[in-house]
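Have a look at the structure below before the remarks.
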Amino acid sequence: GAGVSQSPSNKVTEKGKDVELRCDPISGHTALYWYRQRLGQGLEFLIYFQGNSAPDKSGLPSDRFSAERTGESVSTLTIQRTQQEDSAVYLCASRRGRLAGHTGELFFGEGSRLTVL
Amino acid sequence: QKEVEQNSGPLSVPEGAIASLNCTYSDRGSQSFFWYRQYSGKSPELIMSIYSNGDKEDGRFTAQLNKASQYVSLLIRDSQPSDSATYLCAVKFGSEKLVFGKGTKLTVNP
């Protein structure tokens, strides 16, 4: 597709349930990022993937959060045993090439809005 | 802890004025700095990048970087109501990690 695609766009779940969010990056983009944005707040880094390198998981807030990416394609972010504080918009972004080359443009998807009741 | 700090605002300016947005960062070794704009309910989009000390101009936007002071700013000249948005400062830490500030909400009043 032309842009970063995320699904679902909206998810309402009950506390304690597991959720899975999906991101389909722009074709050819080797880097993929997940961010969390709580209402009225900035972007909180969660994880990034770069090609076949080990992902940087330093932003994952707890062991309830995990993410996978198959090669340079789709990524899934899984939140186990959801809590009310997990309610946020989860944004996925992709980028072509390495950030070290100065190119800093991340292309963001429209986000997945998660509401935990 | 890699941190990016912004004045959360809100910042309100009249149409035609200069809007000044500021950002400080914690890592003196950072080399790449970006400004993203996020309209309400939308995703962020890149508007400026800067890597060297000094000013970089692009149309009505000027990014300013002072690495010694660990400070980066964005000036918007001749502000328009369509510039009303949240502006996010982002800093590259290490090789690939891009950390965003909390953003400054700008309102341009007609």
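In what follows, chains are A, B, ... by sequence order, proteins preceding strands, each numbered from 1.
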Examine whether an atom of [X] lies under 4.5 Å from a heavy atom of chain B, and if so say whether it belongs to the side chain, the backbone or both; otherwise answer neither.
| X | answer |
| --- | --- |
| A:Tyr35 | side chain |
| A:Leu91 | side chain |
| A:Glu44 | neither |

Honestly curious: do [X] and [Y] fall in one hydrophobic cluster under the side-chain, below-4.5 Å linking rule?
| X | Y | result |
| --- | --- | --- |
| A:Leu32 | A:Phe65 | yes |
| B:Leu11 | B:Leu75 | no |
| A:Trp34 | A:Val4 | no |
| A:Tyr90 | B:Val99 | no |
| B:Leu74 | B:Val91 | yes |

Only pairs of heavy atoms separated by less than 4.5 Å count here; which of B:Ala90, B:Pro44, B:Gly101 has the most with chain A?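 The answer is B:Pro44.
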Against chain A, work out which of B:Ser43, B:Gly103, B:Gly41 has the most heavy-atom pairs shorter than 4.5 Å and name it.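 Most heavy-atom pairs within the cutoff with chain A belong to B:Ser43.
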In Å and rounded to the nearest 0.5 Å, what is the [atom1] to [atom2] distance from [X] to [Y]?
| X | Y | atom1 | atom2 | result |
| --- | --- | --- | --- | --- |
| A:Arg95 | B:Leu46 | CZ | CG | 12.0 Å |
| B:Leu98 | A:Glu105 | CG | CD | 11.5 Å |
| B:Lys102 | A:Arg38 | NZ | CZ | 9.5 Å |

Taking everything shown except [X] itself, do over 12 heavy atoms lie less than 6.0 Å from its [atom1]?
| X | atom1 | answer |
| --- | --- | --- |
| B:Lys56 | NZ | yes |
| A:Leu117 | CG | yes |
| A:Glu68 | CD | no |

Side chain, backbone, both or neither: which part of B:Glu45 has a non-hydrogen atom closer than 4.5 Å to chain A?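 No part of it gets close to chain A.
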Partner chain B: residue of A:Phe107, A:Phe45, A:Phe108 with the largest heavy-atom pair count (under 4.5 Å):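 Top option by heavy-atom pairs under 4.5 Å: A:Phe108.
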Is any side-chain heavy atom of B:Gln38 closer than 4.5 Å to one of A:Leu43?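 Sidechains of B:Gln38 and A:Leu43: in contact.
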Expected output: side-chain B:Tyr36 to main-chain A:Leu106 donor-acceptor under 3.5 Å: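 Flag set: sc B:Tyr36 to bb A:Leu106 pair under 3.5 Å.
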